Amino acid sequence: MRKIILTGTLLSVVVLAVAIYAAKSEYVFGVSIPRGYVAGKSATVWSNMMRTLFEIAKKETGIAVNNNIQFSWEQVMKDLDAGKVDISFLMSPDYILAAEAKAPIKIWLTYKVKGQKNFPTCIYVRGDSGFKKLSDMKGATIAMELIPKAAQNKKKKYGIVGYGSAMFERIFLRKMMEDEGIKETPDKFFGKVEIVDNVENCMSKVLKGEADAAIASQRLYVLLTQAAPQFKKLKSLKCICEVPYSAIVYRDDVDEALIKKMGDFILTVHERKDFEDFKMLSGVDQFLRLKYSEYAPMLSLLKEERE
């Protein structure tokens with residue numbers, strides 16, 4: 001299967017980055033995406049898809065936007081610090097971790113897909129597995145995303161950003177187990193915790209019967225079933241923490257008038273007929289404003305984990 005997701009989900013690897021020129025009338029749109037495929041679409045397809053949206057934006061606002069594909073979350077975060085990037089698309093776990101690390105960003109927008117803005121994170125098993133609840137899985141194999149040692153280096157300011165979903169997987173699993181009265185740690189409750197390079201491959205292992213369970217956002221499950229219908233053989237066993245799937249942020253020193261102008265356009269772009277091509281490719285129905293308080297469920301779990 002020619003699909004790679006570095007951070008665990010499609011949009012965990014797509015980064016919007018906008019560098020504003022001195023004239024304040026032209027943007028550069030950067031995409032951080034692995035070489036290969038993400039939910040069945042290549043980096044070029046995702047880049048062209050976003051170009052479609054920005055061509056509409058130019059007609060409405062006069063602000064020109066050009067694409068620039070990048071391949072590193074770490075470099076995007078460095079560019080944010082250096083003022084080379086002004087607007088970025090971050091997965092919700094990565095946004096929370098970046099904000100905690102005092103990244104120079106402000107929360108701005110999110111979106112909804114098929115009328116749904118918030119998505120829980122779930123533990124997925126095969127529909128024919130016979131598992132009915134998490135406590136049935138004593139001795140089973142669970143596939144978990146890799147967190148590279150380099151990302152855990154505390155000297156790297158944003159090292160964990162890009163692997164936020166993998167970090168929260170572990171928090172969610174412990175909470176799920178606690179809710180069902182399981183007192184053992186995951187490594188003792190499960191017969192094997194298999195570490196896999198990304199969440200899509202975790203889900204693939206469950207589909208193939210090479211693992212019994214994996215943890216993923218419900219949004220990723222939807223993306224996978226759209227790209228490869230065989231993933232419909234999986235079912236969610238337990239879901240928690242329903243929050244926006246991702247956040248669009250901007251640098252805290254960007255001209256607020258420009259942000260308002262672009263924001264006003266993005267919030268109404270779904271009303272235009274020429275938005276349909278972007279909607280068809282991306283699945284995004286509508287962009288919406290986003291508040292930090294909407295992440296309260298994730299922030300609460302993170303606080304509990306650290307106490």
Side-chain angles (χ1 to χ4, degrees), residues 5 7-9 12 91-94 96-97 116-147 152 160 163-225 230-246 293-307:
I5 293 185
T7 63
T9 68
S12 65
M91 295 297 298
S92 291
D94 293 317
I96 289 172
L97 295 172
Q116 188 171 348
K117 176 183 178 182
N118 297 334
F119 294 87
T121 295
C122 307
I123 186 164
Y124 287 94
V125 300
R126 283 183 61 99
D128 58 5
S129 66
F131 297 123
K132 297 187 181 302
K133 54 185 184 298
L134 183 55
S135 55
D136 293 337
M137 301 196 71
K138 174 72 175 177
T141 296
I142 186 166
M144 303 286 288
E145 277 188 88
L146 170 71
I147 303 178
Q152 301 175 54
I160 196 66
Y163 299 94
S165 295
M167 191 189 99
F168 270 92
E169 275 179 20
R170 287 145 173 86
I171 296 174
F172 292 147
L173 177 59
R174 286 190 283 270
K175 178 61 175 174
M176 290 175 183
M177 292 174 67
E178 178 187 314
D179 287 348
E180 292 207 10
I182 302 170
K183 299 186 182 299
E184 296 170 273
T185 58
D187 60 319
K188 291 185 178 179
F189 176 75
F190 291 97
K192 182 179 180 182
V193 179
E194 185 169 351
I195 304 302
V196 183
D197 58 350
N198 62 63
V199 70
E200 184 172 350
N201 286 340
C202 288
M203 297 284 273
S204 293
K205 280 187 171 292
V206 178
L207 182 65
K208 295 173 184 176
E210 297 172 359
D212 296 304
I215 297 174
S217 166
Q218 185 188 76
R219 172 62 181 145
L220 175 66
Y221 172 75
V222 171
L223 288 166
L224 291 177
T225 56
Q230 61 265 34
F231 278 98
K232 291 181 180 179
K233 293 179 181 179
L234 304 185
K235 69 174 184 179
S236 60
L237 203 63
K238 185 178 182 67
C239 299
I240 63 171
C241 203
E242 193 169 299
V243 295
Y245 181 68
S246 52
S293 60
E294 294 180 61
Y295 289 113
M298 289 184 79
L299 293 166
S300 177
L301 287 178
L302 185 61
K303 182 180 178 181
E304 287 179 20
E305 180 76 11
R306 292 176 172 175
E307 287 179 347

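On a predicted model such as this, the values are computed, not experimentally measured, just so you know. Here, residue 1 is the first one in the sequence, and each next residue gets the next number. Note: hydrogens, waters and symmetry copies are ignored here, and every other heavy atom, side chains too, is used.
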Working to the nearest 0.5 angstrom, can you tell me the gap between Glu194 CD and Asp212 CG? 10.5 Å
Does Met167 reach the side chain of Pro93, with side-chain heavy atoms less than 4.5 Å apart? no
At what distance, to the nearest 0.5 angstrom, does CD1 of Ile160 lie from CD1 of Ile96? 13.0 Å
Apply side chain to side chain contact (heavy atoms under 4.5 Å, CB included) to Pro297 and list each qualifying residue two or more places apart in sequence or on a separate chain. Cys241, Val243
Roughly how far apart are Tyr245 OH and Asn118 CG, rounded to 0.5 Å? 13.5 Å
When rounded to the nearest 0.5 angstrom, what is the spacing between CD in Glu242 and OG in Ser217? 10.0 Å
If the condition is side chain to side chain contact (heavy atoms under 4.5 Å, CB included), which residues does Gln152 pass it with, not counting sequence neighbours? Ile147
Please answer whether the main-chain N or O of Ser246 pairs with a side-chain N or O of Ser92 as donor and acceptor at a distance below 3.5 Å. yes
Residues forming a side chain to side chain contact (heavy atoms under 4.5 Å, CB included) with Val193, sequence neighbours excluded: Ile142, Met144, Phe190, Ile195
Heavy-atom closest contact (Ala213 atom, Val125 atom, distance): CB-CG1, 3.9 Å
Spell out, as yes or no, whether a donor-acceptor pair under 3.5 Å connects the side chain of Ser204 to the backbone of Glu200. yes
Does some side-chain heavy atom of Met177 sit less than 4.5 Å from a side-chain heavy atom of Leu173? yes
Mind checking what makes ring-ring contact (aromatic ring centres under 6.0 Å, His included) contact with Phe172, not counting sequence neighbours? Phe168
Who pairs with Phe131 by ring-ring contact (aromatic ring centres under 6.0 Å, His included), at least two apart in sequence or on another chain? none
According to the salt bridge (Lys or Arg N to Asp or Glu O under 4.0 Å) rule, which pairs have a member within residues 184-193, sequence neighbours left out? Lys138-Glu184
Minimum heavy-atom separation for Cys239 and Pro120, please, with both atom names. CB-CB, 3.9 Å
Just to verify, what does Glu210 make a side-chain hydrogen bond (donor to acceptor under 3.5 Å, both in side chains) with, not counting sequence neighbours? Lys205
Can you list every ring-ring contact (aromatic ring centres under 6.0 Å, His included) pair that touches residues 193-224, not counting sequence neighbours? Tyr124-Tyr221
With a 4.5 Å heavy-atom cut-off, do Glu169 and Thr121 have their side chains touching? no
Suppose we screen for side-chain hydrogen bond (donor to acceptor under 3.5 Å, both in side chains). Which residues come up paired with Gln116, at least two apart in sequence or across chains? Gln218
Set of residues satisfying ring-ring contact (aromatic ring centres under 6.0 Å, His included) with respect to Tyr295, sequence neighbours excluded: Tyr95
Under 4.5 Å between any side-chain heavy atoms of Leu223 and Arg219, yes or no? yes
List the residues meeting side-chain hydrogen bond (donor to acceptor under 3.5 Å, both in side chains) with Arg170, not counting sequence neighbours, and say none if there are none. none
Nearest 0.5 Å, what's the CD-NZ distance between Gln230 and Lys208? 10.0 Å
When rounded to the nearest 0.5 angstrom, what distance separates NZ in Lys232 from CG in Leu207? 13.0 Å
Taking side chain to side chain contact (heavy atoms under 4.5 Å, CB included) as the criterion, tell me which of Leu134, Ile182, Ile171, Leu237 meets it with Met176. Leu134
Checking Lys133 now: which residues fulfil side-chain hydrogen bond (donor to acceptor under 3.5 Å, both in side chains) with it, not counting sequence neighbours? Asp136
Testing the basics here: between Leu97 and Gly164, what is the closest heavy-atom pair and its distance to 0.1 Å? CD1-CA, 3.5 Å
